[in-house]
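First comes the structure, then the notes that go with it.
Computed over heavy atoms, backbone and side chain alike; hydrogens, waters and symmetry mates excluded.
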Amino acid sequence: MAALESLGVVISTDILIIGGGIGGLVTAVKAKEENPDADVLIVEKQTAGWAGKATKIGGILAFLGPDNNGDKFLDFQVRSSGFYLNDQDLLSKYIKSSYGAIEDFDKWGTKLARTPDGKLLAFPNNFAPELSMTFIDIDLMLPIRAKARQMGIKFLDKIHVVDLLKRTNKVIGAAGFDIVTGKFYIFRAKATVLANGSCGYKVRRFWVAGTGDGIAAAYRAGAEMRNAEYGNLYGHTVYQDTDGGMVGHQFLFNSKGENLAQKYLPNEGPTGVFLPVPLAVGMEKEIAEGRGPITFAPPPVKGGGYPKMGLPKLNDWSQRMAEKEVKYGLPPGTKREIAIPLHGETSCIKVDDEMRTSLKGLWAIGDTSYAGSAVAGAVCSPPGITPGSGIMFAVISAAWAGSSAARYVKDIPKNGLDYSEIKNLKEAIFAPMRSGKAFLPGDAINALQEVTAPIKYNLRRGKERLDEALSVIEKLKEILPVLQAKDLHYLSKCHEVKSMVLCAELTFRSALMREESRGAHFREDFPARDDKKWLKWIIIQQQDSKMKLSTQPIPVDKYKIKPV
C-alpha cells in the first residue's frame, strides 16, 4: 500500500483547530487547561493572532454584570430581537457565562478599561436592557497567543484547509495546502474544531476574511446547517465617499430634511447598533421615490477619542484618528451621503450546547456557528443587537468547545486514513492550477456579489428575486469546476469562491423556504410573522449530493418565554 507521505506532509494531533483568530486561540487555551496532555494544533490561513475578520481586534465587550438581571435581558432578547427562534436554554447558558469571559480576559493579560481606583469600568448598555459594557484594548489576541505558546500549543500558518476527512459519520481530520510553498497537508486528528469564521462575500474591506471555508467544508462532510436565512446582515450605514465609519441610524435625513428613523421607526425602543430592517427598506423607498440622497447629520459633538481608561493602544489609535479627521477631513457639519453595505455573516453550522456539530468529532465555534447555535434567534451575527457581543460569543463558544473536545480525545484512538480518498481529494484541490480555462476567481466573485450585495435580493426579499438570485448561483456552480488559478494565491481564492457560492445558496434556499417575515428575514410577499406555520428552524443537509431542506419545531413548550 502506498504511503500517505508520498502525497504530502502528514501531521497527527489530538485536537486540530482550524482558524487562528480570537476564537481559535481561546479554544486551544481552554482545551489545554482541560486536558494538559492533549496535543493541540492551530492551523491558520494567514497568521494566528493577527487573523479573523477583525485583525486589530479590540473595542467593546457586552456582558451580564453581577448586578444585572439576566431574566430581563433574556426576555428582551427573545421577544424583541430573536423573535422566538432562540434556543433559550443555550442563550441562558451564554449570558451566565459572559462575566466569566471578562474575568478570563483579565487573567490572560489583556487590558480592560479601569476606573482611576483600578476597578473594572462598566456602564449600561443602551442597545439592550440589563447588559453592561466595557472596553478592551487593541491587539487583545497577542497576549492570548503568547499564553498558548507557553502552554505548548502548536501553530501552522499560511495553510488553507479546504476539506474535512471523514469515516462514516465521524470527522477524523482535514486536508489543505500551503499558500506560499504549495505543499499539500494531511491532518489526522481525534477532534476537529472549526474556528474560521462566517461568510461576508468580500463586500466590505474590513470583513474581507470571512469566506465561509469552514461552513462549506462542514456542509460537504454532511453536517447539518440551521438558520442559514440569517446570513444577510446589513449591519450599519457607512459614508458613501469613504466606505468607512459606522454611522448611527438615528440621524439619517432625506433631501426634504425628514428624519428617517422618526418616519419609519415611530415606536423605536432599543434597536441596537445595527440597521433595523424597516428603516433599511424605507431608505430604499426614499431613493426610489426621488427623496435622495440620504445624508447623516448628527448634532455637534465636542472632543474626540476615548477617555483614558488604561487602554494605551486604543487611546492612541483613537487620538490619531481624531487628529487626522481634523487635519484631512471635511469641515464640521458637512452633509455626507451614506450607503448600506452587506456584511453577510452567514454562520449556519448547527451545534449543540457544547458547540458539537451533528458529526462526531467536529465542533464549530464563533462565527462559523453563530446562527446555527440559535443563541440569538432571528438576527444575524454577532449575537443579539448590541456591539461587543461578537468577541464575547467567540470566546464563550470557544471555551465550551475547547473543554468538550479535550474531554472527548482522552479515551479514543487515532483513526487511520484512506490513501485513495486523500489522493482524489488532493487532485481536486489542485485542479484549478491545471485548468486551461480563463474563468478567474475575481470574475466569479463579481458575479456572486451582483446577487448577494443588493438590498433587493438579500434584505427586501421576494420569491421572484430569490429565484433570480438562485438561477445566477446555479450558473456559477456550472463553471466553478473550470476556475483557473494562475498561482497559489489564486488557488486559495478559487476555493474561497466555491465556499462563498455554497454559502449564498444555503442562505437563499433557506430564505425562499421561510414564507414569513421574522427579525432580519423580510419577505415582501409574506410581510407578517406567522407563528402558527413558522415557529420552526430550517435545517439543511447534503444528502446524495443534493441540498435537502427540512424544518424542526421550536420546543417552546419547554422554554420559559412563550410567544404572545
Problem set entry | Heavy atoms of other groups near Lys477 NZ, more than 12 under 6.0 Å |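 More than 12 heavy atoms, drawn from other residues, nucleotides or ligands, come within 6.0 Å of this atom.
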
For this session: Using a cut-off of 6.0 Å, state whether more than 12 heavy atoms not belonging to Lys360 lie near its atom NZ.
Result: no

Residues [X], [Y]: salt bridge by 4.0 Å N-O rule:
X      : Y      : answer
Arg523 : Glu229 : no
Lys475 : Glu478 : no
Glu474 : Arg509 : yes
Lys533 : Glu516 : no

Pair [X], [Y]: side-chain N/O donor-acceptor within cut-off below 3.5 Å:
X      : Y      : value
Thr47  : Lys158 : yes
Ser347 : Asp367 : no
Glu286 : Tyr264 : yes

Problem set entry | Ring geometry between His160 and Phe177 (parallel below 30°, tilted from 30 to 60°, perpendicular above 60°) | parallel

Distance (rounded to the nearest 0.5 Å) between [X] [atom1] and [Y] [atom2]:
X      : Y      : atom1 : atom2 : value
Tyr230 : Cys348 : OH    : SG    : 13.5 Å
Ile540 : Tyr219 : CD1   : OH    : 7.5 Å
Ile340 : Leu252 : CD1   : CG    : 8.0 Å

Exercise. Under 3.5 Å, is there a donor-acceptor pair between the side chain of Glu44 and the main chain of Gln46?
Worked result: yes

Exercise. Just by distance, do the side chain of Ser358 and the backbone of Glu224 share a donor-acceptor pair under 3.5 Å?
Worked result: yes

For this session: Go through Phe83 and Arg529 one step at a time and tell me if the side-chain contact (heavy atoms from CB on, under 4.5 Å) criterion holds.
Result: CA-CA 9 Å; Phe83 297 101; Arg529 198 181 88 201; 3.6 Å; yes

For this session: Mind running side-chain contact (heavy atoms from CB on, under 4.5 Å) on Leu156 and Tyr185 for me, showing each step along the way?
Result: CA-CA 11 Å; Leu156 267 179; Tyr185 275 82; 4.0 Å; yes

Problem set entry | Evaluation steps, side-chain contact (heavy atoms from CB on, under 4.5 Å), between Trp363 and Ile17 | CA-CA 9 Å; Trp363 286 253; Ile17 300 169; over 6 Å; no

Exercise. Given the rule in the side chain to side chain donor-acceptor pair (under 3.5 Å) test, do Tyr201 and Thr346 qualify, once you have shown the distances and angles that lead to the verdict?
Worked result: CA-CA 9 Å; Tyr201 307 103; Thr346 303; 3.3 Å; yes

